There are 4 protein chains.
Amino acid sequence: MLNHTELQLLTDAHVFDDMTDKQIKIYTAAIEVFAEKGYLNASTKEIAAKADVAEGNIFSKFTNKRGLLNAIIEPVAKSIFPETLSSFTDSEPIPKDLSLHEFVDSLVKDRMDFLEDNQDVLKIFISEMVYDDQVRQQYLSKFPDAYWHTINDNLNLLKATHKMVNWDNWEIMQIMWSLIGGMVISFIFFHIQPTDKAVNHAVAALVKALNPRL
Amino acid sequence: MLNHTELQLLTDAHVFDDMTDKQIKIYTAAIEVFAEKGYLNASTKEIAAKADVAEGNIFSKFTNKRGLLNAIIEPVAKSIFPETLSSFTDSEPIPKDLSLHEFVDSLVKDRMDFLEDNQDVLKIFISEMVYDDQVRQQYLSKFPDAYWHTINDNLNLLKATHKMVNWDNWEIMQIMWSLIGGMVISFIFFHIQPTDKAVNHAVAALVKALNPRL
Amino acid sequence: MLNHTELQLLTDAHVFDDMTDKQIKIYTAAIEVFAEKGYLNASTKEIAAKADVAEGNIFSKFTNKRGLLNAIIEPVAKSIFPETLSSFTDSEPIPKDLSLHEFVDSLVKDRMDFLEDNQDVLKIFISEMVYDDQVRQQYLSKFPDAYWHTINDNLNLLKATHKMVNWDNWEIMQIMWSLIGGMVISFIFFHIQPTDKAVNHAVAALVKALNPRL
Amino acid sequence: MLNHTELQLLTDAHVFDDMTDKQIKIYTAAIEVFAEKGYLNASTKEIAAKADVAEGNIFSKFTNKRGLLNAIIEPVAKSIFPETLSSFTDSEPIPKDLSLHEFVDSLVKDRMDFLEDNQDVLKIFISEMVYDDQVRQQYLSKFPDAYWHTINDNLNLLKATHKMVNWDNWEIMQIMWSLIGGMVISFIFFHIQPTDKAVNHAVAALVKALNPRL
DNA sequence: CATGAATGAGATTTCATTCAT
DNA sequence: GATGAATGAAATCTCATTCAT
């Protein structure tokens, strides 16, 4: 069973909004089965059984097994990067005096929360990104535009105010996301819970790594 | 086709030693197909066709489709971590006055070379680690003993001589391997070649991140 | 095609109760093919063809080729021994003054009727008992308890009233079942119909053989 | 491994006479494997392995897997019935004053000895007779001529001297062979050793059953 | 709409037999 | 002759998808 938080988040994202009860049952059952066995090893029969629904429903509601996968992946794909810094952009604009530590700390911890709340779906997303070139292409094309803008602004601001090392934004991003990704993968695939201490050390490491004065 | 370097490495590892010509053709064809489509999406029929060999041949040497996968994965799994610091331990022992920069630089660049030479097989290995819990268990159990010892010694030495921050070795390793992994994944799955500049920045980032005096 | 009587018996045993039309067609086709070629020489493809059904159907109902065999064998296995003397025990209890001739005659003729009605399935059952150790173990363990009790009572009664030779019940049973088995095998495998005269002589032989006064 | 007696008998029957060492190794290995797994479940690879011989030898020496089976079955098929009463016919002619008990006793015990000495080969023979219609036809046609003559003479003699019931010879034979067969099958397939007592009771049963004066 | 029986393409695997060495 | 790698037909089984009821 998906935990309450995970379901709540899906609800918040209005994923369920125009789904019937059966669709929701199929959808949540699929998340569990895909996460446990992987997309390719999961059978529509098993999903239908877990959803307590006739197999045919999957196809009338999601067209395809692949359509079901997409319905699951799409919301995560959208929120994995885009929402990242929304905390800064939407409600309150980026503060001019943003410190490097604040920036890194909020980014890392926000994503740790996201991880905690979306384990299963993230696992499915990562697995398919790794396994399927089509999925890779499909979701790669979605990131840049919206996200790049926001993050570039942030990084440029930090550089301009000499709070961050003057490397390519892409390199900086890779360094930041590598550390986040390392914790995500450790957690999802090797069940190593990121402790507060470890997260703080990762933040400290990033702050030092990106400090321009060293 | 596998590039020359990759084949050379397999030859060095005596992987081909008790294989006939056709078995080698199967083996290399399988690497290509598995890397391109993923293990589950690859069919033995396609592998046999690409190897220009009768399908039955696969099974007389490798028992199973899974046996073929293992034959491919095993050599990488063994060399992905263990050999890592062999440069220090085997020929020349760890120098007492090892600097943090030397340590990080050699570790990172050695693994970048390894990546360059084993793209396809690494891709297969990573994909299966991500996709298959069994593979995860199977290879997880192999790492620790031999590897942990070497790396712990190195980290402890650096800490003792106040050249490295005094965090848990596990945390330090996760930070280092996350950065390496980030570049590996960018390269393998998104075809982003790690430029010398990017690698050097990653090394610099790590050195700063782990510097105890900040 | 299975003859009418054979199908009737299966219907009576509610074998067909939760089967669709196509599944029944598979089941009866399988009996014919297994009986003709033996389980191992029969292919699911041929069974499906004879049933005029897609091959996959076999597996959705019967799981396995072996599952199909079991579905066929089980009903015979249950009725080959257990029901044997039910004529005496169920409707009318064993008469105290049961004569040896009555006992043997009813036993033999009842089994000859059973044979007539279940040729194909008996052939399959016997063939698998002979060919497959697993089947042997599987069905051996099912006989004793229910059956032994009934038959022992009968034999003990006949011995107590000095109507039957005082040998081990097991020996007596072996002698009786050998004669029955001989006719069964002659019929099933060599197409030698047991004539009334031959059956009567067999009964006479048994009665004399087991007569205590000789 | 075949026991000594069984090998001795094959030697006596000159089965090995024009076989090379390798052929003999294949032959005896095949008997073991066929007896254990059945002809269809035995693979030529396993036989070759057990014979410690390259697989190709099987085909150069016995043409076929089937040819190997035939080479094994043929000698038993010939001796299962034909030699039966050779004790009487060859060295010493049938005594005019042959008693029913002598006749039955010698027949039954001779076959019990035969059984003891040829378990594996008999098991193979019976299994294939039951499983394969071709084998059935092939060996059925061989019995009658030689054997019928001898046995008919014996039965007719006993009938003429009023020592045996006046039933069809075929019926008498079926009764005799059923009892023998019952013990053979119990032994071979259910590992129930025929004790002296059980054999004697079977003989007694037959003598009584065929006694004309009851 | 909902159901789940039916479909059949396709996947893995086995194995007797051949034949180059 | 001896070997065992190579063959490829055939077998069992899975499963997304369709569609009659």
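This is a predicted model, so every value here is computed, not measured.
For the pair B/Asp52 and C/Leu40, nearest-nucleotide mapping onto DNA chain F gives the more 5' position to B/Asp52.
Counting only Watson-Crick or G-U wobble pairs whose defining distances are both under 3.5 Å, the stems of 3 or more consecutive pairs in DNA chain F are E:2-21 with F:2-21.
Residue C/Ser43 places its side chain closer to F/dA11 than to any other of E/dA2, E/dT12, F/dA11. Counting only heavy atoms from C-beta on, A/Asn57 has its side chain closest to E/dT3 among F/dT3, E/dT3, F/dG8. Of the candidate nucleotides F/dT3, E/dT3, F/dT7, E/dT3 has the atom nearest to the side chain of A/Lys22.
Residues passing the side chain to side chain contact (heavy atoms under 4.5 Å, CB included) test with C/Thr20, sequence neighbours excluded: C/Lys22, C/Gln23. Among residues two or more places apart in sequence or in another chain, the side chain to side chain contact (heavy atoms under 4.5 Å, CB included) test is passed with C/Lys25 by C/Ala51, C/Asp52. A search for salt bridge (charged side-chain N to carboxylate O under 4.0 Å, His left out) contacts involving B/Glu74 returns B/Lys142, not counting sequence neighbours. B/Thr63 is linked by a side chain to side chain contact (heavy atoms under 4.5 Å, CB included) to nothing, counting only residues two or more places apart in sequence or in another chain. By the side chain to side chain contact (heavy atoms under 4.5 Å, CB included) test, D/Phe189 is found to be paired with C/Val130, C/Arg136, D/Lys123, D/Ile126, D/Ser127, D/Ile185, residues two or more places apart in sequence or in another chain being considered. Scored by the salt bridge (charged side-chain N to carboxylate O under 4.0 Å, His left out) test, B/Lys45 finds no partners at all (sequence neighbours excluded). Residues passing the salt bridge (charged side-chain N to carboxylate O under 4.0 Å, His left out) test with A/Glu46 are A/Lys37, sequence neighbours excluded.
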Check step by step if side-chain contact (heavy atoms from CB on, under 4.5 Å) holds for B/Ile72 and B/Ile124.
CA-CA 9 Å; B/Ile72 291 169; B/Ile124 298 169; 4.2 Å; yes

Could you walk me through whether B/Phe62 and B/Asn70 pass side-chain contact (heavy atoms from CB on, under 4.5 Å), step by step?
CA-CA 9 Å; B/Phe62 300 100; B/Asn70 284 337; over 6 Å; no

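Put simply, CE on B/Met19 is 17 Å from C1' on F/dG4, counting in whole angstrom units. Between the CZ atom of C/Phe34 and the C1' atom of F/dA11 there is a distance of 13 Å, given to the nearest Å. Rounded to a whole Å, the CD1 atom of B/Ile58 is 12 Å from the P atom of F/dA6. Between the NZ atom of B/Lys25 and the P atom of F/dA5 there is a distance of 16 Å, rounded to whole Å. Distance CD1 (A/Ile26) to P (E/dG4): 13 Å, rounded to an integer number of Å. Distance CD (C/Gln23) to P (E/dG4): 13 Å, rounded to an integer number of Å. As rounded to whole Å, 10 Å separates atom P of E/dC15 from atom CD of D/Glu46. When rounded to the nearest whole Å, the span between NZ of B/Lys37 and C1' of E/dA11 equals 13 Å.
Side chains of A/Gln134 and A/Tyr139: a donor-acceptor N/O pair is absent below 3.5 angstrom, by distance only.
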List every contact pair, protein side and nucleotides 17-21 of chain F side both N or O, where the distance is under 3.5 Å.
{"unit_1": "F/dT17", "atom_1": "OP1", "unit_2": "A/Asn64", "atom_2": "OD1", "d": "3.2"}
{"unit_1": "F/dT17", "atom_1": "OP2", "unit_2": "A/Asn64", "atom_2": "OD1", "d": "3.3"}
{"unit_1": "F/dT17", "atom_1": "OP2", "unit_2": "A/Lys65", "atom_2": "N", "d": "3.0"}

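Listed pair A/Ser60 / E/dC1 fails the phosphate criterion, with no side-chain N or O lying under 4.0 Å from OP1 or OP2.
No contact: B/Lys61 has no heavy atom under 4.0 Å from any strand. Residue B/Ala42 is classed as a sugar-phosphate contact, given heavy-atom separations below 4.0 Å to backbone atoms only.
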